[in-house]
2 protein chains.
Amino acid sequence: MARRTTIYDIAKELDITAASVSRALNNNPKISESTRKLVIETAAKMNYKQNKLALALRSGKSFNVGVIVPRIDSNFFASVIRGIEEELYGHKYNVIICQTHEDEKREFENINTLLNAQVDGILMSVSSISSQDFSVEIDRIIKRVVEKNVPLIFFDRKKSIEGVSSVTINDFEVSYLATKHLIEQGCTRIAHFKGNQFLEIFKNRFDGYRQALIDSGIEFDENYVIETRSTIVEGANAVKTLMKLKSPPDAIFSSGDFAALGAIQQLKSDGIRIPEDFCVVGFGNEPFTDFMELPMSTVNQVPLEMGKMAAKVFLERINKTGNLKASNQVVLTSELKIRESSLRAEVYK
Amino acid sequence: MARRTTIYDIAKELDITAASVSRALNNNPKISESTRKLVIETAAKMNYKQNKLALALRSGKSFNVGVIVPRIDSNFFASVIRGIEEELYGHKYNVIICQTHEDEKREFENINTLLNAQVDGILMSVSSISSQDFSVEIDRIIKRVVEKNVPLIFFDRKKSIEGVSSVTINDFEVSYLATKHLIEQGCTRIAHFKGNQFLEIFKNRFDGYRQALIDSGIEFDENYVIETRSTIVEGANAVKTLMKLKSPPDAIFSSGDFAALGAIQQLKSDGIRIPEDFCVVGFGNEPFTDFMELPMSTVNQVPLEMGKMAAKVFLERINKTGNLKASNQVVLTSELKIRESSLRAEVYK
DNA sequence: TAAGTTTGCGTAATCGATTGCATTTTTAAT
DNA sequence: ATTAAAAATGCAATCGATTACGCAAACTTA
């Protein structure tokens with residue numbers, strides 16, 4: 001391996017010291033113009049490239065940020081990461097990706113790995129939490145991150161922890177709107193696929209749904225609420241359960257697109273007409289929702305904006321060394337996309 | 001910022017030297033059991049975490065690999081990255097993500113950034129190339145990477161460069177199969193949406209398509225081949241052009257799913273029946289292809305396997321220090337997924 | 001020309017960990 | 001008890017860059 005040129009190599013070449021080379025390359029005023037020119041030329045000639053590792057060790061800044069997501073191959077997370085990368089690119093930061101696969105253990109490991117790698121910040125979306133015990137443990141390690149003063153920014157799946165910034169969408173409001181929309185379409189028995197209630201976003205979606213019912217004078221019925229992960233299979237199973245009720249629902253507001261898709265597939269194979277007999281609204285605006293046989297109503301979580309905003313919050317935090325405890329809770333406005341799966345012709349209402 | 005504990009802190013605490021602490025923590029045999037125990041306990045108590053930056057500087061191994069993709073928010077690339085991350089996770093490597101947005105300039109920049117960050121390897125899918133000049137320039141910088149002996153592995157969008165490993169799919173063969181399939185369905189005037197011909201994968205897809213025609217005794221007609229990027233708009237426009245021909249085609253084999261989708265949408269709005277009047281096969285197996293009104297035939301590029309394989313090739317390369325020049329060209333078998341957009345009932349053939 | 005000021009550059013410490021070599025301590029053998 | 005061998009530990013260099021400090025040369029100014 002041809003060893004890479006260092007400032008010492010340049011120094012030797014010019015018979016000066018590495019210190020001068022460093023100064024020449026860093027716009028340090030304590031160097032003569034002539035030497036600077038010489039160094040810069042020689043550096044170019046020798047194809048010198050600064051070793052960021054050495055710089056990072058010395059300066060304490062690695063110019064890497066860690067991003068922790070449950071998985072990367074979902075449109076939402078991939079888009080958020082795209083946003084983060086784009087925003088940070090101009091600021092010379094690199095993005096290190098970690099996946100948890102919704103596994104809390106992996107979450108600890110990832111946080112530790114990133115801290116050991118001396119990242120300058122961590123942007124994360126927390127994993128589904130399987131138990132209160134884990135929740136407590138995660139809180140503990142997160143507090144360690146905060147104590148170390150490593151900027152931590154949650155996006156989407158946040159936890160409310162003092163001193164930690166977050167970027168989320170208006171889950172409650174948009175869920176409220178979605179449910180209201182179903183009511184306006186004439187639906188009266190609206191079911192909900194709720195997500196893991198340890199996660200605030202899913203709690204908020206559930207709350208928004210319930211509040212909309214209450215405000216519309218519709219009785220809230222627990223039997224219409226099923227906890228599902230957002231997969232086609234679980235959505236199909238959930239809707240099967242629902243349709244066995246004495247008084248089955250006539251609409252679903254799902255907290256995830258895939259569960260909604262599973263429900264639609266199941267309903268169709270049962271001969272139920274959508275949207276005439278049954279309306280469905282999903283959540284996430286996965287690309288497929290727009291290309292389906294029946295385009296699905298859903299919520300656009302503005303992932304690109306979310307990623308960019310999370311990156312911006314990180315950059316702000318980095319740039320004000322004082323005022324360390326200030327945390328920043330950004331709430332973006334999401335977009336209810338009404339499509340055919342929940343849009344009834346007037347005659348059906 | 002509470003400074004992180006270092007081995008020197010532990011050394012001071014126990015009144016020994018950092019060297020001994022290091023040995024104790026690294027299973028070095030030149031240390032007594034008693035000291036080792038003491039050090040390990042104290043390290044735990046003081047919440048010591050190894051600084052990977054210092055280790056990387058000293059050892060020359062950063063345990064980071066760079067991944068360069070045109071964009072991360074496509075199902076294909078996101079899945080490949082997932083595969084890479086999963087495979088490398090167990091080997092303690094981290095993944096740094098870079099996007100080029102199909103911009104050659106960004107591609108240079110990203111390669112340089114990664115080299116400066118001292119990554120232990122680069123896995124990349126090259127960007128669309130806008131001109132021969134750029135192609136030459138990219139070749140030059142890639143050769144620099146090879147000279148520096150930094151492992152470089154192409155996946156999917158490879159370039160043929162000596163000493164560089166690659167993981168691809170059998171683009172020619174599967175395109176041949178897809179075209180043959182269309183012929184078997186009774187299609188006789190098969191068009192092709194080809195991609196950027198500077199990229200081998202698109203060239204291979206085109207060649208596979210053409211060879212299948214020739215081998216089936218169908219005349220190859222240049223007018224049936226249109227270069228498009230894989231977007232809905234370009235696909236729709238391309239099919240408009242095709243349908244204006246004196247003898248319009250009765251099938252399309254598209255080198256991308258989105259262009260195929262655009263074509264289908266356009267054909268439908270023109271009242272053309274699919275698959276009865278017109279068959280379409282895409283490429284990429286984007287999730288939406290399975291959830292469309294008419295599920296689309298396409299090619300599953302096995303991105304997860306591709307990512308894992310690329311990571312494996314990297315690991316192999318790392319682990320054999322000798323035999324440096326050996327490169328590894330892995331070709332995975334992709335899967336033609338025949339769905340309704342190209343599957344005619346017997347009566348129509 | 002003497003004194004003070006500025007400029008340019010070298011010396012050496014630092015970031016945190018590892019490791020070859022030297023030295024000390026312990027153990028074993030006679 | 002003596003000595004050799006073995007084990008444990010310390011010393012100091014190293015990875016590559018930055019920077020406070022100090023010294024010497026050059027430049028001002030009177």
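Computed over heavy atoms, backbone and side chain alike; hydrogens, waters and symmetry mates excluded. In what follows, every chain begins at residue 1, and chains take the letters A, B, ... in the order their sequences are listed.
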Check your understanding: Which part of the nucleic acid does B:Lys61 contact within heavy-atom distance under 4.0 Å: base, sugar-phosphate only, or nothing?
Key -> nothing
Check your understanding: Separation of B:Leu55 atom CG from C:dG16 atom P, in whole Å?
Key -> 14 Å
Practice item. Check DNA chain D against residues 17-30 of chain B and give the residues with a non-hydrogen atom under 4.0 Å, in numerical order. Key: B:Thr17, B:Ala19, B:Ser20, B:Arg23, B:Pro29, B:Lys30
Check your understanding: With sugar-phosphate meaning primed atoms plus P, OP1 and OP2, does A:Leu53 contact a base, only sugar-phosphate, or nothing at under 4.0 Å between heavy atoms?
Key -> nothing
Point to revise | Member of B:Glu87, B:Glu86, B:Glu85 meeting the salt bridge (charged side-chain N to carboxylate O under 4.0 Å, His left out) criterion with B:Lys308 | key: B:Glu86
Exercise for review: Using modelled atom types only, decide if a donor and an acceptor are shared between the side chain of B:Asp120 and the backbone of B:Phe63 within a distance under 3.5 Å.
Suggested key: yes
Review point. D:dT14 phosphate, OP1 or OP2: any side-chain N/O from A:Tyr8 under 4.0 angstrom?
Key: no
Exercise for review: Using atom CG of B:Leu38 as one end and atom P of D:dA8 as the other, report the distance to the nearest whole Å.
Suggested key: 15 Å
Check your understanding: Rounded to the Å, how far apart are A:Glu33 CD and D:dA26 C1'?
Key -> 17 Å
**Study point:** Nucleotide nearest B:Thr6 when distance is taken to its side chain, options C:dA17, D:dG16, C:dG10
**Key:** C:dA17
Practice item. May I ask you to say what B:Lys52 touches in the nucleic acid, namely base, sugar-phosphate or nothing, with a heavy-atom cut-off under 4.0 Å? Key: nothing
Point to revise | Whole-Å distance separating the CG atom of B:Leu14 from the P atom of D:dA8 | key: 17 Å
Check your understanding: To the nearest Å, how far apart are A:Ile10 CD1 and C:dC9 C1'?
Key -> 17 Å
Study note, to complete from the structure: d(A:Ile10 CD1, A:Thr17 OG1) to nearest 0.5 Å is 12.0 Å
**Study point:** Approximate separation, where rounding is to 0.5 Å, of B:Ile97 CD1 and B:Ile81 CD1
**Key:** 3.5 Å
Exercise for review: Check whether the side chains of B:Ser127 and B:Thr100 place a donor and an acceptor atom closer than 3.5 Å, and report yes or no.
Suggested key: yes
Check your understanding: D:dA8 P sits how many Å from B:Lys37 NZ, rounded?
Key -> 16 Å
Check your understanding: Which whole-number value in Å describes the distance from A:Ile16 CD1 to C:dT11 C1'?
Key -> 15 Å
Check your understanding: Are a donor atom and an acceptor atom from the side chains of B:Ser160 and B:Glu200 found within less than 3.5 Å of each other?
Key -> yes
Exercise for review: Could you tell me the separation between the CZ atom of B:Phe63 and the P atom of D:dC15, rounded to a whole number of Å?
Suggested key: 20 Å
Review point. Under 4.0 Å between a side-chain N or O of A:Thr35 and OP1 or OP2 of C:dG8?
Key: no
Point to revise | Residue met sooner reading DNA chain D from 5', once A:Thr5 and B:Ser32 are mapped to nucleotides | key: B:Ser32
Point to revise | Residues B:Glu33 and B:Arg36 bridged, charged N to O under 4.0 Å | key: yes
**Study point:** Comparing A:Ile31 and B:Asn51 on DNA chain C - which has the more 5′ nearest nucleotide
**Key:** A:Ile31
